[in-house]
Every structure is written in structure tokens, then in C-alpha cells.
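All values below were derived from every heavy atom in this structure, side-chain atoms included, with hydrogens, water molecules and symmetry-related copies excluded.
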Amino acid sequence: MLQELRSGGAQGLVLISDTVAHSGRELLHSFILAALERGEQVHVMGYELSQEDFLLGFPAHLVSRLHFHDGHSDPLQWIGGPHSLGPLDFTAERIQALLRDSVSMVTVVVDSLSWIMARSPLASICRTLRDLSQGHKRAVPRVLALLHKDLHSPGVVRSVNLLADTVINMEWRGDWDRITVSHCKKSRKIVTSEEMVRILGDLSLEVLREKQMEQRKAQEVDPTANLTFNLRLSDAEREVKDSAILPFTFSDRKKSSLLQSGPGSARVYYEPDPADEDDEEDPDDDLDV
């Protein structure tokens, strides 16, 4: 599903959710490259990286369609140079003004949403995202936003996720990246999938098929393999376990008597334990009574 979304199937707000340990920036750049290859105009609201650092890795012949709006160099206007985007500029009206001269389909990129969330009220940010991707009269076809979920409380992350049409969670980075995708279709049905992907040097994606994923999971190291004790039962041990009679269990005789006895017919049943010692002698026989 991720390959389909990258190829243009993702509309509305697409949220790439990552952590410090498992970064989603490469995946964000892969989605941007796919939009440029489709001939779209890409407008980047760049807060975390400078323009030079952000454009590293993109083919030179496609960079002309990528418009970087600087929010990194001087967001608080301390230097006093050309205007740099700040937290107050993150509104639907301000962003729409930046897109006014675009003549083709537009993709807006927010890098990153966490930077803005640390400096603006959550309600204002959610309103802007909703207006950009859904409710605004000139809604943008696609908004890509990078969110560092480990910087926010679960409630805040959930609030932003509920606005998104697609949420891509970076679960693990390695030779193959494990990613979970939740996508809301036009019918409002939510589809969830787990995929293993590899982001290549040219920012294209290689996706493991379902059978390949099963084979890879089967080859993963068993964490219980080298323990000094056994956590699993053999077939013989399981059979003994299933046939064992648990203590304080009613016998069939007890069950039938309890179910069939009428009022006033109370009885006491005693079933001796196998370990009990049977002593036929009267313990009070030596008493002179």
C-alpha cells in the first residue's frame, strides 16, 4: 500500500510519524521526489533544516519545481534580514498566499510539524491543517507533514492523527524498515497494513511482498532459544498437564448430587487425599471415660 500512496494515491493530509531513533525524513524526501516526478509543484515550509541541507539528494533537473520557504534561518527575526517564516505564519491564509503563483497541482510539505507545535497552540495548528487539506475553499490536494511523535504526549499525537487521511508510522529502521500505514479511503473505511521497505540511494522504495515478509519473520532470532530454562512444553509434557486433576475440583458424583438434591437433603462428602494416612485405631481409646 505504501508504494501506491507514494505514487499519488495519498490525498489530503499525509502524516509521517517518526522518533529520534527511527527517523522518517528519508521517507518524506521519497514522497517529495515522487511528487516532483509527477510534475507537481512542491512548496516546503522548512523549519528544521536550511535550504542547502534540505535539497541534498534531489536531482538537479527537478529542484526547479521545489519551492523552499525558509523558516530556519531567522524565524524570530533576530537577525533582521529577509523575512523568514515564523510560528505566526502557519495559517491557511498565509500558506495559500505563498501558493498563489502555482500553475500546476501542488503538494505542501511541513518540515516539521513538531517545530510548530512547540511554539503555537494545538487548536490553531489543527485548524490550519484542516483548512489546508479539507475545509478551505482552495484546499491543497496533498499536505505532507513530518511529526516527531516522541516529543509530544500521546493525547496530542492522537489529536493530530485524527485529522490525517493517512498516517505512516516508522516502527523500526534497519536493513529493512518496518512501517505501519493507516489510510482512510473515500468511503471512510480505514485500511491498516504493516510493510517492510528499503529506501534506496535514489530515494525510490523497495517493498517486501507478503510472502517475503513471512519468510523474514521466520528467520528472525528466537529470543528464548538460548535460555538456561525451558519456556515451552513438549507433546508428552502437555499431555500430562492436560490429564492432571486440579485440586479442589468437583467429582462427577458431587456435581450430580448438587444438581439433583432437593430441599432438606443436605449431605457432606469427604474425599480423602491420596497422601492422607488412614488410622483405624480410636485416638481416645486410652482415655477413662
Side-chain angles (χ1 to χ4, degrees), residues 1-18 22-75 82-85 89-90 92 94-116 129 132-133 138-148 164-168 170 173 176-177 179 181 183 195 197-207:
M1 183 166 65
L2 188 65
Q3 195 73 271
E4 178 185 349
L5 295 174
R6 180 183 180 273
S7 301
Q11 300 292 324
L13 176 59
V14 180
L15 197 65
I16 299 178
S17 186
D18 70 356
H22 311 298
S23 174
R25 186 171 297 281
E26 278 188 312
L27 185 62
L28 176 70
H29 284 201
S30 180
F31 270 71
I32 294 173
L33 178 63
L36 293 173
E37 290 174 341
R38 291 193 299 268
E40 299 179 12
Q41 298 283 325
V42 177
H43 289 259
V44 180
M45 310 296 145
Y47 297 98
E48 288 194 352
L49 297 179
S50 65
Q51 181 173 356
E52 293 76 14
D53 291 338
F54 188 90
L55 296 180
L56 289 176
F58 288 103
H61 67 282
L62 295 176
V63 171
S64 60
R65 290 201 297 272
L66 194 154
H67 306 277
F68 188 89
H69 303 283
D70 181 25
H72 173 77
S73 61
D74 189 21
H83 180 71
S84 179
L85 294 179
D89 293 311
F90 191 73
R94 172 65 173 146
I95 294 174
Q96 289 287 358
L98 296 174
L99 311 180
R100 189 173 296 132
D101 297 332
S102 299
V103 294
S104 60
M105 186 173 288
V106 172
T107 293
V108 171
V109 178
V110 182
D111 180 26
S112 74
L113 197 58
S114 294
W115 190 96
I116 303 168
L129 292 174
L132 280 176
S133 60
R138 292 184 59 198
V140 177
R142 187 180 300 103
V143 179
L144 294 173
L146 184 63
L147 176 68
H148 308 312
D165 299 275
T166 304
V167 178
I168 303 172
M170 303 294 299
R173 294 298 310 272
W176 289 89
D177 304 334
I179 294 174
V181 182
H183 176 63
E195 302 183 28
V197 303
R198 177 185 289 165
I199 304 173
L200 304 179
D202 60 354
L203 295 179
S204 61
L205 293 183
E206 182 180 356
V207 181

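- Listed here is the closest heavy atom pair of Trp176 and Val207: CZ3-C, 4.5 Å.
- At distances below 3.5 Å, at least one donor-acceptor pair connects side-chain atoms of Glu195 with backbone N or O atoms of Leu2.
- Proximity of a side-chain donor or acceptor of Thr107 to a complementary backbone N or O of Val42 within less than 3.5 Å is not detected.
- Summarising the geometry, atom NE2 belonging to His29 is positioned 10.5 Å from atom CD1 belonging to Ile199; distances are rounded to the nearest 0.5 Å.
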Exercise. Kindly determine whether Phe90 and Leu113 satisfy side-chain contact (heavy atoms from CB on, under 4.5 Å), including the steps that lead there.
Key: CA-CA 10 Å; Phe90 191 73; Leu113 197 58; 4.1 Å; yes
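- Annotation: side chain to side chain contact (heavy atoms under 4.5 Å, CB included) contacts of Gln11 (sequence neighbours excluded): Pro141, Arg142.
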Quiz item: side-chain contact (heavy atoms from CB on, under 4.5 Å) between His72 and Asp53: does it pass, once the steps are laid out?
Solution: CA-CA 11 Å; His72 173 77; Asp53 291 338; over 6 Å; no
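- Applying the ring pair (Phe, Tyr, Trp, His ring centres under 6.0 Å) test to Phe31 and every residue at least two apart in sequence or in another chain returns nothing.
- One distance of note links CG of Asp177 with CG of Leu27; it measures 8.5 Å at 0.5 Å rounding.
- Side chains of Ser23 and Arg173: a donor-acceptor N/O pair is absent below 3.5 angstrom, by distance only.
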Practice problem: Test side-chain contact (heavy atoms from CB on, under 4.5 Å) on Val109 and Ile32 and set out the steps. | Solution: CA-CA 8 Å; Val109 178; Ile32 294 173; 3.8 Å; yes
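- Side-chain contact, Glu48 with His148: a donor N or O sits under 3.5 Å from an acceptor N or O.
- Listed by chain and residue number, His83, Leu85, Arg94 satisfy the side chain to side chain contact (heavy atoms under 4.5 Å, CB included) test with Asp89 (two or more places apart in sequence, or in another chain).
- By the ring pair (Phe, Tyr, Trp, His ring centres under 6.0 Å) test, Phe68 pairs with Phe54, sequence neighbours left out.
- Other residues, nucleotides and ligands contribute more than 12 heavy atoms inside 6.0 Å of the CD atom of Glu37.
- At least one donor-acceptor pair closer than 3.5 Å links the side chain of Ser30 to the backbone N or O of Leu203.
- Distance alone, capped at 3.5 Å, is enough to place a donor-acceptor pair between the Ser133 side chain and the Leu129 backbone.
- When atom types are taken as modelled, the side chain of Asp111 and the backbone of Gly46 share no donor-acceptor pair closer than 3.5 angstrom.
- Within the model, atoms OG of Ser50 and CG of Leu55 stand 8.5 Å from one another, a figure rounded to the nearest 0.5 Å.
- Taking CD of Glu206 as the start and CZ of Arg198 as the end, the distance is 5.0 Å to the nearest 0.5 Å.
- Remark: His69 pairs with His43 by the side-chain hydrogen bond (donor to acceptor under 3.5 Å, both in side chains) rule, at least two apart or across chains.
- In this structure, Arg65 has no salt bridge (charged side-chain N to carboxylate O under 4.0 Å, His left out) partners at least two apart in sequence or on a different chain.
- With rounding to the nearest 0.5 angstrom, the OG atom of Ser112 is 14.0 Å from the CE atom of Met45.
- Rounded to the nearest 0.5 Å, atoms OG1 (Thr166) and CG (Leu15) are 9.5 Å apart.
- The minimum heavy-atom distance between Leu147 and Ser114, with the atom names listed, is CD1-OG, 3.5 Å.
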Exercise. Please lay out, stage by stage, how Asp70 and Gln51 fare under the test side-chain contact (heavy atoms from CB on, under 4.5 Å).
Key: CA-CA 7 Å; Asp70 181 25; Gln51 181 173 356; 5.9 Å; no
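- Of all the heavy atoms in Leu33 and Phe58, the pair that sits closest is N-CE2, 4.0 Å.
- Ser84 approaches Ser73 most closely through the heavy-atom pair OG-OG, 3.9 Å.
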